[in-house]
Amino acid sequence: MRITILQLFLHLLLLFGLSPLLSGVIGKTKALFAGRVGPPFLQLYFDIWKLFGKGLVISRTTTWIFRAGPVVGLAVPVLAALLIPFGPVGAPISFSGDLIFFVYLFGLSRFFTACAALDTGSSFEGMGAVREVTFSCLAEPTVFFVFIVLARLSGSFSLDAMFGPTLAASWHTAAPSLLLILVCLFIVTLVENCRIPFDDPNTHLELTMIHEVMVLDHSGPDLGMILYGAAMKFLVLGALVVRLFLPVTTGNIALDILLFIGGLLFMAVVIGVIESVMARLRLLRIPQLLVGVSLLSFFSLILLLR
Amino acid sequence: MDTLLHLLLLLVILLNFFLLGSSRLASCIRTTAFQGGILSLLPLLAHGFSGHTLFLASVAFLLKGIAIPYLLFRAIRQVHIRREVEPLIGYVPTLILGTLATAGAFIFSGRLPLIPEHSQSLFVPVGLATLATGFLMLISRRKAITQALGYLIFENGIFIFGMLLTEAMPLMVESGVLLDLLVGVFVMTILMHQINREFSTMNTDNLTSLKE
Amino acid sequence: MNFLFLSWLVLGLGACAAALPWRSSKITAILGGGSAVLGCLSGLIAAGQGLIADTAATFSLPWSMPGGSFSLRLDGLSAFFLLPLFIVGLVGALYGTEYMRKEKARLHWSWYNLLLVSMAMVVTAANGLLFLFAWECMSLTSFFLVITEYDLPEVVAAGWTYLLATHLGAACLFAFFLTAGAFCGSLDFASFHLLSTLTGPVASVLFLLLVTGFGSKAGIFPFHVWLPDAHPAAPSHVSALMSGVMVKTAIYGLLRMCSFLPASPAWWGGLLMTIGITGALFGIAMAAMQRDVKRSLAYSTVENIGIILLALGFWMHSRAAGQHVVAALALAGGLIHLLNHALFKSLLFLGAGSLMHGSGSRDLGRMGGLMRRMPVTGLMIVCGGMAICALPPFNGLVGEWFIYRALLESGAALSGLGGFFPVMLIGFLALVGGLALIVMTRIIGIALLGVPRSPAAAQAHEAGWPMRSAMIALALLCLAGGLMPIQLLRVTGRAAVLLDPDSAHLFAGQVITPWWLGIMAFLLIGALLAAFSFNRWRQGRATVAAASTWGCGFAFPSSRMSYSAESYSELAQSGILCSCLTPESKDGRTIGFFPLRRSFVFNAPDPVLEKFFKPLFQRLAGYCRRCCRLQSGNLHIYMLYVFSATVLLLFWVGLR
Amino acid sequence: MNNMENNLLALLLLLPFCGSVLAFSMPSDRLRPLLLPLCATPHLALTFLVIQSGRPLTTANGWIGVDPLSRLILPVISLLFLGCSFYAVGYLRCRIAWGNRTFVGCLLLFLSAMTLATISRHLGLLWVAVETTTVASAPLIYYNRNRLSMEATWKYLLLGSVGIALAMLGILFIAYAGLAGGEHVSLQLDDILHGAANYSRPWLRAGFVFLLVGFGLKVGFAPLHTWKPDAYGEAPGLVGALLAGGLTSVAFLALLRTLQIMDAASEAVMAREAFLAMGLLSIAFAAVFVVRQPDFKRMLAYSSVEHMGILAIGISVGGIATFGAMLHLINNALTKGVLFLAAANIHRRFGSKKVADARGAISLVPLSATLFLLGFLAITGSPPFAPFISEFTILQGVFSNGHFVTGGLFLFFLAVIFIGMGSTVLSVVFGTPPEKTGTGYENYRDTFATTAVPLIMLLLIFVLGVYLPDPVRHICADAAALLEVRP
């Protein structure tokens with residue numbers, strides 16, 4: 001338990017403080033590409049703060065599950081964040097086999113968001129729930145294959161050790177498969193957090209949405225908690241991608257943290273670039289692409305096993 | 001004595017062939033009665049005159065010669081049919097099969113070791129031949145009465161074979177055999193009467209509705 | 001051991017008492033249900049004693065049957081299987097007192113009590129003949145329970161397929177026990193250790209007999225065809241008992257007999273794993289397409305049995321390969337999942353039963369919005385759903401966690417292409433987990449949430465206190481399992497040690513302890529409470545207004561506009577599942593300008609049954625009927641048979 | 001043997017015979033059925049008295065005697081007849097219009113013939129007794145007096161007589177084998193067994209073949225079973241029960257006598273192989289014919305063929321299987337009794353034996369339908385009932401003597417028979433009842449008289465299935481010891 005209370009505080013500070021900033025950066029990059037000024041960096045902070053203060057309007061057909069959706073949506077990313085290292089800051093909790101808990105934790109949030117969507121009884125939420133549940137079912141094998149490759153390289157089964165110091169050394173030994181996993185993890189992050197190639201976060205056409213349409217009926221503090229949870233989830237998965245991409249540790253804690261934050265912002269810019277360059281894929285192509293990605297990650301494992 | 005015995009046995013085989021070949025019912029019954037009469041003489045010839053054989057011969061003559069043919073004639077009269085319809089496999093093939101069966105009987109009895117005093121007698125082959133003829137009539141004939149006749153000849157075959165063992169067969173069992181034969185045929189005639197009343201014909205073609 | 005006899009005595013007396021024609025069915029319910037509850041209680045004590053005691057309690061009585069002896073043996077493994085039996089039995093009895101309709105209840109309780117007795121006897125029998133005796137009594141009593149509502153033709157058809165499958169399975173078991181008895185001289189399990197001296201091929205034949213015999217009762221993939229029909233046909237607390245426990249007695253039989261067979265070669269484990277994973281994928285795919293709630297849950301039993309078999313097969317495989325840590329993990333995973341499945345599957349079946357009891361039909365298309373009218377049942381079904389999808393705070397995750405760790409450890413350790421197989425299994429298992437999520441969100445979303453789809457669903461009434469308390473008890477057990485996984489491991493350790501002696505030190509030690517899972521479950525609940533209090537704090541000041549769901553401008557949203565059961569799984573069918581599983585749907589495509597009234601009919605019969613077993617049996621029956629022409633009906637042919645038989649026998653005798 | 005046993009045996013024989021004579025002479029149709037139970041109960045009492053004395057006892061001239069085999073079969077016949085007689089009282093009351101002079105008379109004659117056959121120690125006497133059973137049962141089968149029952153009777157009679165004639169030939173061959181072997185010629189079973197060692201081989205074997213075919217025809221082994229479905233299908237259920245339970249056991253006893261002779265003549269191996277072949281053939285035929293059988297009484301006939309095959313296999317394998325076969329004789333008789341009587345009630349209620357017409361019996365005649373279902377489960381060897389124990393013991397004998405292929409075939413055919421019979425029974429018991437037909441059968445209800453007997457028999461099988469009482473076990477063990485092959 002080499003984690004000290006300071007590191008835990010730093011961990012939570014990064015989680016709560018930094019997560020809304022990423023969507024601000026993405027918004028700014030897309031605006032830059034589109035030649036417009038775009039919303040300020042801190043737009044999401046203001047939205048969440050505003051929503052926490054507003055009143056609540058809920059549908060007559062809903063039950064307690066509708067109110068439980070946002071609660072789980074907020075609690076799950078916080079707990080997931082405790083399991084993974086933020087750059088140099090080690091994971092507060094790490095035990096052998098926590099990757100399984102990590103994956104099924106996100107399963108819990110998916111379960112409640114889908115049920116909350118179905119609770120309103122409207123066809124749009126139903127559509128969103130079906131898509132969310134079906135596509136995530138294809139993404140899970142990819143996550144597991146990524147974790148197996150890392151477990152095989154690091155020799156341990158806890159996320160903290162997998163994304164820990166051994167990562168830098170393994171880049172030299174198994175660079176090609178690590179590169180493949182990086183791509184796969186990046187795509188999974190895009191799928192899970194409703195970014196452009198798979199889902200359009202700020203579209204208004206319900207037929208094309210996946211995540212947005214599920215939260216259509218939420219309002220006030222509930223909507224705030226959902227947006228904040230989504231941002232934190234984006235940060236958690238982003239942290240994994242960045243950790244994979246920048247395994248270097250310079251020994252000085254402050255410099256490493258700055259490097260980590262820079263990596264995150266750079267990733268946000270990359271996603272912003274992708275979103276402005278690509279359009280949303282047709283809905284039927286997404287399962288094929290997801291299966292392709294899981295085969296890719298499986299192939300990277302074969303590269304390793306050879 | 002033996003030559004007379006052999007003659008009678010050969011006569012029985014000839015009667016067999018006649019039965020297989022003939023189509024008229026009345027003559028068949030008379031032939032069977034005649035064959036029954038011959039058979040009832042056998043115990044006297046084979047084992048001399050003793051109380052046992054005398055009684056046996058008389059009972060056999062009474063049943064085979066008189067009682068059963070009378071029953072069959074009565075059955076025919078009630079049903080007033082005269083002629084056996086074409087057997088399943090035709091007269092000539094039946095006769096050929098009859099000869100084959102008799103040859104088989106002789107070969108088969110050749111393989112059975114006989115005790116010295118019986119070695120010359122023809123009882124075993126003739127018995128088996130008559131048995132085979134009876135079986136053949138049961139298989140090939142259509143009319144219920146001819147099937148009953150076939151059963152009678154079948155019994156005659158066994159009766160001939162029984163001659164070898166008269167001292168082994170106690171009186172009571174011998175008469176039991178004949179009694180059962182009589183009751184069997186009696187019940188058959190009653191049934192034939194019912195069949196005729198039900199189907200207004202004696203052949204058993206329409207007796208095939210009970211099948212899978 | 002004597003508590004076990006006490007429980008059998010109480011159950012037996014209850015069975016006889018309930019069979020008598022009492023005036024009011026209330027007395028029958030009290031007598032039958034009461035005796036069942038008491039019997040299960042004393043049974044639980046016996047199971048507890050069995051688990052705690054180090055040495056196995058044995059009991060033997062000379063039985064007049066040739067080759068048989070009334071000998072019982074209560075060791076760790078039997079006690080482990082008695083636990084879920086009496087828990088689910090107790091809860092089912094409590095549930096049944098209210099659920100069973102008046103007129104059908106009379107013989108029901110005697111069959112129910114006898115089923116409990118026979119299952120307990122199967123698990124503790126120590127003699128081949130007694131085992132088969134109890135085994136077939138179990139099949140018969142469950143058959144009579146399945147056809148409780150025998151006036152419905154499909155229930156009778158389901159009962160017949162069930163009886164057929166169990167009887168064919170029992171034929172294989174007969175073959176196994178008789179061959180084993182022939183080799184070891186006696187049918188007592190004590191003498192079955194001689195089986196370990198068998199050579200390879202004979203042991204493999206015995207193993208295959210075991211897999212077919214017990215497989216047909218456990219609902220293993222190719223022999224599962226009766227399960228999706230029989231379980232829904234039975235009353236819900238009986239389906240819970242059958243799905244949760246009876247299927248596990250088959251797994252018990254497989255394990256107990258395999259412990260007698262010689263050290264298993266690798267391909268045994270491989271066979272079990274392949275059957276297991278195909279069964280899991282097939283089961284969960286079919287579960288996603290059923291309109292009938294209980295039929296979907298029955299298919300999910302096929303899936304969970306597949307997962308248990310995968311774990312046990314992997315245990316055999318890695319034990320043969322000498323990886324003891326991986327073997328211990330897989331065995332622990334298999335047994336824990338088996339125990340957990342008994343709990344959460346019974347909870348789900350009881351929940352589905354109370355939905356049916358309340359809303360009057362099992363069809364998802366006619367339910368909807370039942371959560372508002374049946375809050376407790378709804379909450380219980382959500383808990384069961386979370387447990388079956390292995391979501392954290394509940395016990396479902398503990399079993400799957402061990403299985404995943406076993407697969408991961410062997411995937412990481414094996415070099416070369418050996419590691420290929422466990423990794424592929426992980427991929428499939430993750431896919432099955434995802435599909436399970438689809439199935440459960442479908443059932444909960446369509447049945448409980450949204451807008452009522454039929455007038456009956458609109459007036460659904462909540463279940464009475466016995467049904468609710470039964471479900472609450474099971475839900476609490478599931479939650480306790482999730483929060484205290486150490487206890488689960490300690491309970492399964494007693495059984496696992498008997499099966500795999502050389503992994504005893506692992507179960508005692510810290511190598512495979514799920515301690516952290518419990519901590520994380522507590523942390524999760526803490527986080528949820530914190531988030532909930534934050535939500536209440538922020539919402540506290542603002543006013544909560546209720547309005548109709550935002551319908552993008554539609555003025556009168558109706559229940560027909562919300563997602564239905566078929567449309568929910570349609571994307572999964574087209575996207576993921578292979579074409580051979582797609583259900584038949586006579587869709588009412590509208591043609592022409594003024595289409596008449598169109599209807600859309602959708603059902604998903606079991607493809608293995610429809611495309612393989614039914615045509616096979618029809619053709620066999622056709623051949624038999626053609627051979628029946630031998631009985632042609634005319635006397636001459638019969639005479640010819642007699643004559644030819646005599647001649648043939650004479651020739652045969654002559655030749656010898 | 002002192003004269004007390006002497007006249008006990010004589011009484012045992014004469015009682016049913018006098019009953020039958022009385023029945024034929026008694027005028028009133030209403031009182032005559034009461035004769036049946038009046039004769040059956042003392043007959044059962046006498047049977048138990050006779051088999052009390054453990055040691056085999058024979059009369060002075062040695063023609064009549066009780067040995068372990070007859071001590072096993074006599075109570076079975078007597079018990080079955082007692083059950084059927086009580087059932088017959090109820091049955092004949094509701095068919096008073098048909099008149100029952102021949103029926104009751106022949107039934108009692110049938111019982112006396114069967115008793116004679118069981119306790120006869122002389123082959124000729126055994127032959128006469130079996131012939132009398134054939135002739136006595138012909139009118140019983142013809143009781144329904146319609147075209148089909150007449151055809152069934154005609155076939156039964158003709159095939160039966162041919163079979164009996166062949167058996168007679170077989171007995172003569174055996175006698176001549178003694179003559180050819182230089183032994184004192186006699187048809188006494190004890191003398192034959194004593195001198196069998198040096199009988200001449202070819203005569204003995206030919207005799208065995210004729211006896212096997214002759215009595216095999218009465219038992220109903222596979223190629224010779226063709227009369228069984230017609231006879232059992234058309235006869236009233238009561239007669240079917242007696243034939244399937246009683247007559248087959250007696251005919252099987254005759255075959256066991258033949259086996260005893262062959263064992264004594266150290267020809268056991270060949271004889272047992274013939275039995276094994278016939279047994280397997282019987283089960284195979286039964287399995288093929290029972291699938292999709294449209295008539296549930298004919299299905300019971302094929303089940304009887306199957307169980308005779310099982311007995312033959314049990315005897316042929318030897319060891320513990322012989323004990324199983326002896327036990328199976330008892331179980332088979334009782335279970336067939338239950339099945340046939342329940343089937344009779346269902347037939348009477350629906351007025352037809354076709355599975356297409358007789359549907360949904362559970363809602364019309366609930367008790368008989370349940371008995372029919374439980375009887376089916378018993379006959380196909382489901383545990384709580386006795387046939388499971390005996391079939392399992394036979395299988396134990398088969399497997400422990402290394403006949404794995406036979407055991408495998410046995411189990412396979414049993415499974416096929418279960419499927420065939422199961423679909424028929426379940427559609428009869430659980431189908432949807434047909435709408436009101438015009439026939440006058442609707443007013444038939446399950447009365448105490450018609451369902452008490454099968455219920456008691458079922459309870460008996462259940463008790464035998466759960467716990468095998470010692471006297472039954474000793475009887476079976478002694479009978480099995482008699483058939484053990486002395487090396």
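Proteins come first, then strands; the chains are lettered A, B, ... in the order of their sequence lines, and each starts at number 1.
Within 6.0 Å of the CZ atom in D:F17, the count of heavy atoms belonging to other residues, nucleotides or ligands does not exceed 12.
For a heavy-atom cut-off of 4.5 Å, chain D lies close to no residue in residues 59-67 of chain B. Within residues 207-215 of chain D, no residue has any heavy atom less than 4.5 Å from a heavy atom of chain B.
Within the 4.5 angstrom heavy-atom criterion, only side-chain atoms of D:R298, from C-beta onward, approach chain B. Heavy-atom distances place both the backbone and the side chain of D:V162 under 4.5 Å from chain B. In this structure, chain B has heavy atoms under 4.5 Å from both the backbone and the side chain of D:L166.
Here the CG atom belonging to B:L138 is positioned 9.0 Å from the CG atom belonging to D:L159, to the nearest 0.5 angstrom. Of the inter-residue distances, the one linking D:W203 atom CH2 with B:R111 atom CZ reads 12.5 Å to the nearest 0.5 angstrom. The CE atom of D:M168 sits 10.5 Å away from the CZ atom of B:F159 when rounded to the nearest 0.5 Å.
Scanning both residues, D:E234 and B:L210, for their nearest heavy atoms gives OE2-CD2, 3.1 Å. Summarising the geometry of B:L131 relative to D:L169, their closest heavy-atom pair is CD1-CD2, 3.7 Å, with the distance given to 0.1 Å.
In terms of the side-chain contact (heavy atoms from CB on, under 4.5 Å) criterion, residue partners of B:T31 (sequence neighbours excluded) are, by chain and number, B:L15, B:F18, B:L19. Under the side-chain contact (heavy atoms from CB on, under 4.5 Å) criterion, B:F108 pairs with B:L112, B:L128, C:L650, D:F173, D:A206, not counting sequence neighbours.
Between chain B and the residues D:A180, D:S161, D:A177, D:P139, the most heavy-atom pairs under 4.5 angstrom are made by D:S161.
Put simply, the side chain of B:E155 never gets that close to the backbone of D:A165: no donor and acceptor are under 3.5 Å apart.
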